[in-house]
Each structure stands twice: as structure tokens, then as C-alpha cells.
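Keep in mind that what you see is a predicted model, and the values were worked out from it rather than measured. Keep in mind that the numbers below use all heavy atoms, side chains included, and drop hydrogens, waters and symmetry copies.
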Amino acid sequence: MNDYLKGLNERQREAVMTTEGPLMIVAGAGSGKTKVLTTRIAHLMAKGVDSFNILALTFTNKAAAEMKERVEHILANREARNLYIGTFHSVFARILRAEAHRIGYPNAFTIYDTDDAKSVVKAVTGELNLDVQHYKPNQVYNRISGAKNALVSPREYLVDHHIQQEDMRSNRPMIGQIYDAYAKRCFKNGAMDFDDLLYKFYELLKNFPEVLHKYQHKFKYIMIDEYQDTNPAQYEVIKLLGAAHENVCVVGDDAQSIYSFRGATIQNILQFQKDYDDAKVIKLEQNYRCTQNILAIANEVIKQNKGQIPKTLFTENETGEKIKLVRTMTDNDEGKFIADAIQELRLRNHYTNKDVAILYRTNAQSRSFEESLRRHNIPYTIFGGISFYQRKEIKDYIAYLRLIVNPKDEEALKRIINYPIRGIGKTSVDRALLAANERDMSMWEVLEQAAYFGFKGGTLTSIEEFVLMIKSFASMIDKQNAYDIAFHVGKQTGFVKELFNDKSTEGVQRYENVQELLNSIKEFVETPTNEESGEVGDKSLSAYLQQIVLLTDSDQKDPNADTVKLMTIHAAKGLEYPVVFLGGLEEGLFPNQMSLNTREELEEERRLFYVAITRAKGRLYLSYANTRYRFGQLVQSDQSRFINEIPEQYLDHSYAGGGVKNQGSKWGQGSAFERMQRGFPQGGTPASKSSAPEKTHVASLIQNNKPKEVAHTPSANFVPSDPATLAEGMRVEHQKFGFGTVQKLEGSSHNPVATILFEQNGEKKIMLNYAKLMIVN
DNA sequence: TTCCTAAACTTTTTT
DNA sequence: AGTTTAGGAA
């Protein structure tokens with residue numbers, strides 16, 4: 001037997017050895033799923049399959065990196081380089097890069113991140129004369145995203161009765177039109193959003209049989225991780241790619257399906273056997289991760305859900321400790337309790353920082369944990385903030401690079417056309433945009449012919465200089481590497497210098513970030529193989545840009561650092577820790593208020609709870625706070641219903657939280673007494689009184705320190721006079737400040753400034769270009 | 001055009 | 001509470 005098969009149990013080995021035909025591996029939490037997948041790839045190669053013919057798709061870069069690393073480890077010196085292991089998005093983007101011209105996109109197309117996409121939505125909504133307040137870009141974008149994930153085109157969207165009814169009901173009947181305009185604009189900009197990477201790839205395979213054939217032939221063996229989280233677009237692509245050989249191996253756990261909000265449908269995994277009638281199903285039911293107690297409550301909890309693939313997880317691990325349940329008075333107490341507990345675990349139980357994870361439902365909860373950890377001097381890492389590449393200064397810098405690679409990229413253009421300030425303001429931009437839309441040209445093309453489009457004077461000169469500068473950068477693309485271009489851009493635009501000159505704390509930080517960006521580009525250029533994709537070669541600027549946009553915050557932080565890890569439960573999927581704290585187990589927070597509408601939503605929350613529990617190998621702490629600040633207001637909540645689903649025998653209530661003695665479940669259930677108190681908003685519990693100091697008085701005092709303005713109602717016949725006719729000594733009326741006398745006239749002819757002594761409001765400097773003044777006499 | 005303040009909105013989860 | 005946006009002032 002081959003060495004790599006020795007560490008596997010019987011079921012796992014069967015999964016590895018079943019290389020031909022459709023295979024579904026139902027892998028319970030901690031059952032060695034990644035091990036099976038990686039060993040299976042190694043096994044395929046040992047059997048003589050060319051690594052070139054193997055495709056493995058994951059959802060996160062982290063999972064892809066881990067899989068790749070482990071395959072390389074098993075294979076030792078054998079070639080793993082040609083393996084296609086990556087996220088759906090990165091692998092599809094890479095293929096689209098090669099084939100984009102077929103669907104009318106430039107091969108160096110831009111990938112819009114969520115911010116870019118929302119900005120485009122906002123722009124086209126405005127152009128359709130729709131109220132951006134009502135058609136909120138965020139909501140509209142989510143709706144569009146949902147459509148794409150379900151493979152609904154703008155045309156289909158507009159004629160689909162069900163969809164139209166939904167939009168009518170939400171009083172947003174024009175979303176279809178926005179979707180249509182949005183799609184057209186993205187296409188015109190040579191840009192795809194995240195969802196397009198799936199959607200356009202599907203269209204490519206669907207409409208170009210020769211392309212489909214090429215990749216069907218290439219990917220003879222396909223493996224999909226976390227299959228329960230695939231959406232219809234991903235599902236259809238897999239179906240198309242696998243249709244020729246049907247060597248499709250999916251791995252998943254229906255109990256861990258937690259991404260339906262992103263369009264994932266649990267049906268994909270439930271229906272696998274119907275899609276492939278000769279599909280083999282292997283269940284991995286032995287858990288190697290958790291103690292018996294942890295696994296027991298996980299099983300108890302998930303039992304409450306309906307319609308699962310039947311399976312029973314078991315473990316041969318030790319019983320372990322009971323699950324500690326802790327109630328605290330406030331969210332801050334919860335943070336304090338956890339920090340104290342971590343210190344105790346380190347001291348008495350020889351745990352290190354990196355053994356511990358604090359998990360929560362929403363990102364907003366990280367604040368109190370962060371604070372208490374900092375106070376206790378416990379090093380920590382938060383996963384899931386904004387990505388390094390989302391920072392403003394980095395996005396600005398990258399916008400230059402994007403524009404060089406793809407001048408049609410309007411979002412990039414708008415971002416940097418006047419940054420650093422070069423005298424091309426909003427008015428000029430709007431004019432250029434209008435001209436571009438009227439003629440169906442790109443804004444860049446309008447700028448190229450600025451004189452023809454009627455730009456004059458200083459603005460024209462500025463535009464021409466700008467266009468010339470970008471063109472000179474673009475001419476470097478074929479001759480110089482990404483780093484040299486980027487460095488040159490930073491220098492030439494004055495961008496880096498401007499940041500360097502800003503000596504404020506934030507300014508220094510921004511400058512350092514830009515230096516870090518340059519380092520990352522240098523590293524990209526100098527690393528012989530592209531670690532993300534395993535691909536040799538493409539070191540172009542556009543390759544760099546396409547890669548970084550798909551990186552998340554988590555990808556840029558070291559998971560092995562000796563720090564306590566803080567993250568949402570979603571971000572924790574696939575990970576494991578010796579000690580897990582799960583905070584905020586309160587009704588309305590977890591399960592979240594937003595997910596209480598249907599049974600399906602509640603069941604997804606429960607699966608999320610299941611995922612959270614099963615991250616823990618040894619010790620699990622569940623905590624909740626009596627009161628917590630939400631939306632800046634103190635709210636009280638009951639303990640989560642999920643706690644009630646855990647049999648009492650597994651729980652240990654004896655832990656004190658944050659100096660507050662735990663009252664046990666008698667109190668936690670929400671006693672009549674508590675409910676009564678809550679019924680009287682004026683009553684005010686001691687907690688709410690002490691935690692919510694009355695700040696309003698202080699605030700109003702500070703505001704009152706400002707010089708008071710005496711109100712003035714403009715005369716009925718108020719008509720602004722021509723500022724040019726103004727002279728010193730004249731008596732004038734201002735709409736707000738009332739009557740006054742011109743003391744002095746100064747400033748350039750472009751920007752005249754008058755100093756006026758107002759009778760009621762004292763001396764003010766008035767910019768005559770903008771303020772309205774009427775000469776009284 | 002740019003800066004400042006007040007108001008409004010946020011908070012479900014992410015490639 | 002903190003952050004982003006809109007509108008007004010200069």
C-alpha cells in the first residue's frame with residue numbers, strides 16, 4: 001500500500017481510491033475532509049494522472065492555499081505546479097483572462113470589487129433619474145448580485161413575473177432597468193464584478209462549444225470543496241465542465257451550509273444523486289477533532305433541523321470537559337470575562353494565545369473583545385476587517401494602475417482624475433461623463449479629445465496634461481515590469497510625495513501603507529511562481545491587479561502567529577482551535593433578528609451555531625450578555641434559544657463572568673421579573689442607569705460655545721448684485737448675516753474676497769464667487 | 001472648489 | 001457609537 005494511504009480510515013481510503021465517476025463525500029465536521037481531498041489528488045497523480053488535468057475548487061484563498069500546501073507535502077518532489085487549485089473566483093478569472101476577447105471583453109479586464117460595483121449602481125441609478133435614497137445602491141446591488149448568482153440575465157429579470165412582483169412589493173419596480181443599465185455600463189467599462197466571474201464564465205462555456213470542449217478535455221478530474229455552499233451559477237459551471245467525463249467529486253456537509261444569503265442553495269448537495277444517477281456516496285462520520293461532549297451537543301443542536309442527509313457523527317476522543325455557559329451583565333463584562341479566562345487558561349492549562357479563538361455572529365461584536373484583550377495585554381488578531389487593498393490611499397494608487405491597464409475603467413478614472421488636485425473638478429467630470437453617455441463613448445475617449453468636446457482654458461490644459469501622463473505610463477506596459485511602472489507612477493503623479501509631506505499620524509500611516517503596496521508589487525514581480533494560483537509566468541500589471549482584488553483581509557494575516565484569533569463564525573468555517581469562546585448568544589443577535597422570518601432562515605442560523613460549536617477541539621465557552629449596546633443604545637435581551645437546545649447534562653454553569661456571579665439558567669431564561677422590568681421603559685434597571693451617562697447636556701454646552709449667529713430674514717426684494725460692481729464702503733445685504741459695510745476688497749480677479757463688517761454678526765470674509773450679496777445703496 | 005457641520009444610517013454573514 | 005453623506009458657507 002502506498003504510504004499516503006496509511007493514515008486513513010476505511011471510509012476515507014475508499015473516498016481516496018474512488019477516482020472514476022461522480023462521487024459525493026458527505027464529510028461531517030472534523031472528519032478529515034481536507035486530508036481526503038489532498039490525498040485523493042496525490043493518489044490521482046500516483047496513478048499517472050497529469051497534474052495538468054486536475055481541478056480543485058474552494059471558496060476561500062485560505063482553503064486553496066492549505067490544500068495546495070498539503071498536496072505538495074504528500075507529493076514531496078513530484079510536480080504539483082500545474083495543478084489548478086484555487087477559489088472559484090480566481091480560477092474562473094484566470095480562464096476568463098485567456099478567453100475574454102470572445103465575449104467582447106478586453107483580456108486585461110478590470111475586476112470591480114463591491115465598492116466599485118456599488119458606485120456604478122449609484123451612478124446608473126442617478127442617470128435613470130431614480131431616487132438614490134429610495135433605490136439604495138446597497139440593496140439594489142444585492143438584488144443584482146442575487147440575480148447573477150441565479151443566472152438571471154437583465155432581460156430575464158425584466159420579464160420574470162415573480163421577480164417583478166417582488167420588486168413591486170418592495171416598491172422598487174425599476175431595479176430591473178438598473179440591472180440592465182449596470183450590466184451595460186460594466187461591459188462598457190471593460191469590467192466584471194465578483195458575480196460576473198461566475199456568470200460570464202458560465203456564458204462563455206455555454207455559448208462557445210469549442211471553449212467548453214477545451215476545458216472539459218483539460219479538467220479530467222474535478223474536485224469541489226464545501227459543495228453545500230455552491231450557488232446555481234457555480235453548480236451549472238461544474239455540471240458543464242464535468243459533463244464529458246463525469247469525474248466530479250464533491251465534498252460537503254449539508255449541516256454546515258451557511259451561505260444561502262449569498263445565493264448558495266443547499267439543494268445542490270441534496271440533489272447530487274439525482275443529477276448523476278450512478279453517483280457514489282461516501283459518508284465520513286468519524287470525527288477526529290472534538291471531545292465527546294462537544295460533539296454530543298453539536299449533534300443535539302443540529303437534530304432540531306429538518307431534511308438533512310442522515311448521518312451520525314461519532315468520535316473516539318476523550319469525553320472532555322463540560323461546556324461552560326456564562327452570563328454577564330453587559331457586553332463589556334463579557335469581554336472582560338473572556339480575557340480573564342484566557343489568562344487563566346494560559347497560566348494553569350498551558351495554552352498559548354494561538355490556541356484560542358473568539359467567535360461571534362456579527363463583526364460589530366469584536367469591539368468589546370478587542371478592548372478587553374488590549375487591557376489585559378493579550379495579543380490578538382482580528383480577521384475580517386477591510387482588506388489592505390480597500391484602504392483609500394491604496395485604492396487610489398491602484399486606480400492609476402487600473403486606468404493604465406484598462407482606460408475604459410471609469411471607476412478608476414473618476415477616482416484619480418483630480419487626485420492629486422489638478423484642476424479637473426466635479427463640473428468638468430460631469431460634463432465629460434455626459435458627453436460620453438450621449439455618444440456612447442468611454443469617458444476616457446472624451447478626455448482624449450477634450451478640445452473637440454468644448455473644454456477650454458485651464459481645464460483643457462489640465463485634461464490634456466493628464467491624458468498625456470496616463471498615456472506615457474501606458475506605453476511602459478510592454479517594456480517594464482509591474483513594480484517599475486508602479487514606482488514611476490507614484491513618483492510622476494506626485495502622489496507619493498503628497499502622502500510623504502503629510503506628517504499627521506494618519507498621513508504617516510498612509511505613506512507606510514503605500515510603501516507596503518510597492519513592496520507587495522515587488523514581491524509579486526520577483527517571486528518565480530505565483531503562489532496563489534501555482535501558475536508560472538504572468539507577471540504583468542494586469543495579472544497583479546486581478547490577483548489582489550480577490551484577496552480578503554484574512555488572506556493577508558498570519559494564522560500561525562501566537563495571537564488570539566477573533567473572527568465571525570462564517571470566517572471560522574474550516575478552522576479548528578483547542579479553545580473556542582462563542583460570544584453574544586442572545587435572541588436577536590444569534591439567531592439574528594434578520595433571520596427569524598422563516599424556518600429556513602432559522603435553520604441556517606442553527607447550522608451556523610453548529611459550525612461554531614464544532615470549531616472547538618477541547619474547550620468550549622458559550623457566553624451572552626444581559627444588556628448590550630446596539631445602534632448606540634443599550635438593549636436587553638434573552639439568552640439565545642440555541643442554548644435551550646443543549647441538554648443540561650453537558651453544561652457547566654459554575655463559571656463566574658466578569659466579576660458577576662453567574663445566575664444559572666433560572667435567570668437566563670428571562671424570568672417574569674425581568675420581562676416585567678422590560679415592560680416599563682421608564683423603570684430603568686441599575687445597569688442601564690450606570691452604563692448610559694447623560695451626555696446630552698455636555699454636548700449642548702460645547703455647542704453653545706460657538707459664536708451665536710443672529711438670524712436674518714432677507715428682504716422681500718432680495719436680488720444678488722453682480723460682485724464686480726462692488727466697492728469698498730458700500731452697504732450690502734447678505735441672506736444670512738444681514739446688513740453690513742464692505743471694509744476691504746482683495747483676492748485675485750478669479751477669486752475675489754470681500755471683508756464685510758456686519759451690523760449683527762461682526763466681521764466676515766466673503767468669497768464673492770459663491771456668496772450672494774445685494775448692494776443696498 | 002473646498003471645507004465644515006449636522007444629519008442619517010448603520011449591523012448578518014463574503015469571494 | 002462611529003462613520004459616511006448632504007448641504008451650506010466661505
Query raised in the report: Ala571(A) side chain: which of dT1(B), dT12(B), dT14(B) is closest?
Result: dT14(B)

Query raised in the report: Is there a donor and acceptor pair closer than 3.5 Å between the side chain of Arg262(A) and the base of dT13(B)?
Result: no

Requested in this report: For the pair Tyr235(A) and Tyr227(A), name the ring-plane relationship: parallel under 30°, tilted 30 to 60°, perpendicular over 60°.
Outcome: tilted

Query raised in the report: Just wondering, do Phe261(A) and dT13(B) stack (centres under 5.5 Å, planes under 30°)?
Result: yes

**Report entry** Contact nearer the 5' end of DNA chain B, comparing Leu550(A) with Met594(A)
**Finding:** Met594(A)

Query - Exam field: side chain Ser462(A) to backbone Arg422(A), donor-acceptor pair closer than 3.5 Å - result: yes

**Report entry** Protein-nucleotide distance (Asp195(A), atom CG; dT15(B), atom C1'), rounded to Å
**Finding:** 9 Å

**Report entry** Any Thr60(A) side-chain N or O less than 4.0 Å from OP1/OP2 of dT14(B)
**Finding:** no

Query raised in the report: Would the Phe261(A) and His570(A) ring centres measure less than 6.0 Å apart?
Result: yes

**Report entry** Touch class at under 4.0 angstrom, heavy-atom based, for Asn363(A) against every strand present
**Finding:** sugar-phosphate

Report task. For Lys557(A) and dT14(B), give me the distance from atom NZ to atom P, rounded to whole Å. Result -> 13 Å

Query raised in the report: Can you check the Ile382(A) CD1 to dT13(B) P distance for me, whole Å?
Result: 13 Å

Query raised in the report: Within less than 4.0 Å of OP1 or OP2 of dT12(B), is there a side-chain N or O belonging to Thr568(A)?
Result: no

Query raised in the report: Looking at side-chain heavy atoms only, is the closest gap between Asp115(A) and Glu411(A) below 4.5 Å?
Result: no

